[in-house]
> 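Take a look at the following structure, please.
Per chain, numbering begins at 1; letters A, B, ... match sequence-line order. Because the structure is predicted, anything quoted here is derived from the model rather than measured.
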Number of protein chains: 2
Amino acid sequence: MKLQLQIKMNEALYVRNPEASDLGKKILAHSVQIIHKYGFEAFTFKKLAENIGTTEAGIYRYFENKHKLLVYLSAWYWAWLEFQISFQTNNIKDPKTKLKRIIKLLATTVEDDEKTSYINEALLHQIIISEGSKAYLTKQVGEDNKQHFFKPYKDLCAVIGEIITACNPKYKYPKSLASTIVEMAHFQNFFMINLPALTDFGKTKEEDEIIAFLNDLVFKSLK
Amino acid sequence: MKLQLQIKMNEALYVRNPEASDLGKKILAHSVQIIHKYGFEAFTFKKLAENIGTTEAGIYRYFENKHKLLVYLSAWYWAWLEFQISFQTNNIKDPKTKLKRIIKLLATTVEDDEKTSYINEALLHQIIISEGSKAYLTKQVGEDNKQHFFKPYKDLCAVIGEIITACNPKYKYPKSLASTIVEMAHFQNFFMINLPALTDFGKTKEEDEIIAFLNDLVFKSLK
DNA sequence: CATTTGCGATAGTAATACTATCTTTTTAAA
DNA sequence: TTTAAAAAGATAGTATTACTATCGCAAATG
């Protein structure tokens with residue numbers, strides 16, 4: 001028997017639950033492929049529909065617009081990542097070891113997770129690196145936040161913030177440090193590949209160096 | 001006599017130099033206003049043209065498309081900020097004092113600079129916080145980088161990286177730390193205002209706390 | 001005085017981001 | 001097994017966006 005991981009998504013993110021039908025799952029699967037290939041700007045519902053073999057109207061039955069779809073994918077990613085983290089750090093008692101493990105998970109290219117058949121996590125991870133911030137860098141961020149669209153992201157940062165506090169209860173900026181390492185795990189990766197002058201890893205292009213940088217940053221901060 | 005600060009911009013960023021004519025300056029001035037008010041997604045050349053009292057075709061004579069205009073504004077901002085920084089830290093010899101001053105300049109709301117009449121730096125600063133990353137978070141980042149569109153940003157980070165090295169020549173990640181503080185000076189500000197759960201400053205919403213956080217982060221890293 | 005240039009005005013096109021409606025197929029409850 | 005509701009397919013249509021092209025006037029330039 002195969003385990004299936006189901007993530008309960010905020011209902012306001014979709015018109016019809018894409019995880020509850022075949023077409024819905026295809027929409028998720030193919031949108032990940034297309035956004036990864038062409039970028040979010042060039043991604044349209046028409047292309048997606050053609051790619052799946054359905055019509056534009058068919059997509060609109062699931063998602064109001066492409067922004068909502070991006071927010072959906074982003075929320076899904078953070079929820080999935082939080083599960084990965086809680087799973088993979090489950091037995092670790094020492095908060096420092098735990099934090100190290102988390103940094104590694106944040107900054108490492110993920111492999112496609114068999115537990116979720118329709119979403120390719122490896123591609124989604126790439127998408128979140130280069131398109132993820134566009135989910136909240138908008139004029140509607142306030143509205144979207146009121147509807148709890150960013151809850152998975154905030155939850156993850158909260159969890160990391162608590163572990164930071166467990167490492168050093170006197171440290172004054174656990175939440176900001178948490179959001180810093182989450183953002184930087186992605187940005188330093190993007191810079192390393194695309195704007196290498198902004199990093200110290202341009203030559204080797206090794207994720208391990210990003211991990212070393214983030215560990216240095218965090219554990220010196222907590223000393 | 002009034003001093004005029006002229007920033008020499010990359011010629012590939014525009015079709016016709018906007019700083020060399022009246023209409024061009026109006027395009028810069030009004031695009032800052034409109035992007036600030038409606039956000040970059042809702043900003044169109046048609047709205048801009050109507051706002052100025054010219055036609056769409058008139059705008060296209062200056063900028064190929066709105067992405068180029070955003071990259072232009074972003075490049076202008078970083079070039080302007082680097083000048084501000086070099087000006088305001090000119091006499092400071094101690095690299096630590098210098099770095100502190102820079103962090104303050106990065107994280108502080110700027111006032112409109114009288115030296116540049118047509119661009120409102122205070123608004124532009126806000127724009128760069130919420131739209132700035134969209135200049136490079138695209139599929140064309142490689143092409144754009146080849147044409148040196150991000151040179152002002154990279155130059156600023158390089159300058160900061162050198163001061164970091166001057167503070168502690170043994171520190172292994174000066175460039176990554178530089179890009180981290182530049183990005184975080186903006187992101188923590190955005191989060192503080194829009195997604196306060198991601199920061200430790202949600203209650204007070206004080207820029208000074210962001211500065212304190214960044215100082216803590218940097219100087220513990222360099223110890 | 002001739003000429004470039006800058007700009008306004010107008011027109012047109014392909015693509016995007018939707019909305020609406022009607023029909024057929026699938027599913028699931030009576 | 002029938003029946004009706006839900007999902008999906010097919011088609012059409014609209015407003016807006018993101019451009020490109022052309023023309024002619026007026027001011028600056030040489």
Side-chain angles (χ1 to χ4, degrees), chain A residues 9 11-31 34-35 37-73 118 131 134-135 138-140 143-144, chain B residues 9 11-31 34-35 37-73 118 131 134-135 138-140 143-144:
Chain A
M9 298 293 293
E11 289 181 16
L13 279 170
Y14 50 76
V15 183
R16 214 209 284 317
N17 184 358
E19 302 198 88
S21 81
D22 237 49
L23 181 61
K25 286 174 195 166
K26 269 190 202 162
I27 290 172
L28 297 179
H30 286 78
S31 60
I34 299 176
I35 295 172
K37 192 163 176 189
Y38 301 106
F40 185 66
E41 273 67 48
F43 165 78
T44 68
F45 277 6
K46 196 174 181 196
K47 278 181 199 158
L48 177 58
E50 276 163 13
N51 204 270
I52 293 174
T54 181
T55 56
E56 245 183 303
I59 315 290
Y60 280 104
R61 286 200 190 97
Y62 285 85
F63 290 100
E64 220 178 298
N65 52 52
K66 71 174 189 167
H67 176 248
K68 282 266 174 77
L69 176 51
L70 179 66
V71 176
Y72 182 99
L73 290 174
Y118 40 97
E131 320 285 355
K134 295 171 192 168
T138 68
K139 274 282 158 185
Q140 335 125 47
E143 309 279 307
D144 287 357
Chain B
M9 298 292 294
E11 289 182 15
L13 279 171
Y14 50 76
V15 183
R16 216 210 283 314
N17 184 359
E19 302 197 89
S21 81
D22 236 49
L23 181 61
K25 285 174 196 168
K26 269 191 202 163
I27 289 173
L28 296 178
H30 286 78
S31 60
I34 298 177
I35 295 173
K37 192 162 176 190
Y38 301 106
F40 184 66
E41 274 66 47
F43 165 78
T44 68
F45 277 7
K46 196 175 183 195
K47 278 180 199 160
L48 177 58
E50 275 164 15
N51 204 270
I52 293 174
T54 180
T55 57
E56 245 183 303
I59 315 290
Y60 281 104
R61 286 201 191 97
Y62 285 85
F63 290 101
E64 217 178 300
N65 52 52
K66 70 174 189 168
H67 175 248
K68 281 266 174 75
L69 175 51
L70 179 66
V71 176
Y72 181 99
L73 289 174
Y118 40 96
E131 321 284 356
K134 294 171 193 169
T138 68
K139 275 281 157 183
Q140 335 126 45
E143 308 279 308
D144 287 358

> Which whole-number value in Å describes the distance from Asp22(B) CG to dG6(C) C1'?
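Going from Asp22(B) (CG) to dG6(C) (C1'), I get 11 Å.
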> Which residue lies toward the 5' end of DNA chain C, Ala42(A) or Ala57(A), if each is placed at its nearest nucleotide?
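Counting from the 5' end, the first nearest nucleotide belongs to Ala42(A).
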> Counting only side-chain nitrogens and oxygens, does Ser21(A) get under 4.0 Å of the OP1 or OP2 atom of dA8(D)?
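Checking Ser21(A) against dA8(D): at least one side-chain N or O falls below 4.0 Å of OP1 or OP2.
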> So what does Lys66(A) touch, heavy atoms closer than 4.0 Å: a base, only the sugar-phosphate, or nothing?
sugar-phosphate
> Is any side-chain heavy atom of Ser21(B) closer than 4.5 Å to one of Tyr62(B)?
yes
> Roughly, in whole Å, what's the span from CD in Glu56(A) to C1' in dC18(C)?
7 Å
> Lys46(A) NZ to dA18(D) C1': how many Å, rounded?
16 Å
> Whether Tyr60(A) contacts dA20(C) is assessed here as follows: a side-chain N or O lying under 4.0 Å from the phosphate OP1 or OP2. Is that the case?
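Indeed not, no polar side-chain atom of Tyr60(A) lies that close.
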> So, does Thr55(A) get its side chain near the phosphate of dT11(D), meaning an N or O under 4.0 Å from OP1 or OP2?
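Answer is no, no contact under 4.0 Å.
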> Taking the minimum atom-to-atom distance to the side chain of Arg16(B), which one of dT11(D), dT17(D), dC7(C) wins?
dC7(C)
> Rounded to whole angstroms, how far apart are OH on Tyr62(A) and P on dT19(C)?
18 Å
> Base, sugar-phosphate, or nothing: which does Arg61(B) touch, judged by heavy atoms less than 4.0 Å apart?
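Base contact - Arg61(B) has a heavy atom under 4.0 Å of at least one base atom.
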> Just the rounded figure in Å: distance from C1' of dT17(D) to CG of Leu48(B).
14 Å
> Between dG9(D) and Thr54(A), is there an OP1 or OP2 to side-chain N/O distance shorter than 4.0 Å?
yes
> Could you tell me how far apart Glu50(A) (CD) and dA15(C) (P) are, to the nearest whole angstrom?
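After rounding, the gap between these two atoms is 11 Å.
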> Inspect the contact between Lys134(A) and Glu41(A) and indicate whether a charged nitrogen and a carboxylate oxygen are less than 4.0 angstrom apart.
yes
> Centre of Tyr38(B)'s six-membered ring, under 6.0 Å away, within 45 degrees of the axis: is that where NZ or CZ of Lys47(B) sits?
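Checked: cation-pi criterion met.
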> Side chain of Thr44(B): nearest nucleotide among dG9(D), dT16(C), dT17(D)?
dT17(D)
> To check you understand the geometry: which heavy-atom pair defines the closest contact between Thr138(B) and His67(B), and what is its length?
CG2-NE2, 3.9 Å
> Starting at atom CD of Glu41(B), determine the distance to atom P of dA17(C), rounded to an integer number of angstrom.
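Answer to the nearest Å: 11 Å.
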> If you compare all heavy atoms of Val15(B) against all heavy atoms of Glu64(B), which two are closest, and at what distance to 0.1 Å?
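Smallest heavy-atom distance, with atoms named: CG2-N, 3.7 Å.
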> Measure from CZ on Phe40(B) to P on dT17(D) and round the result to the nearest Å.
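One finds 14 Å between P of dT17(D) and CZ of Phe40(B), rounded.
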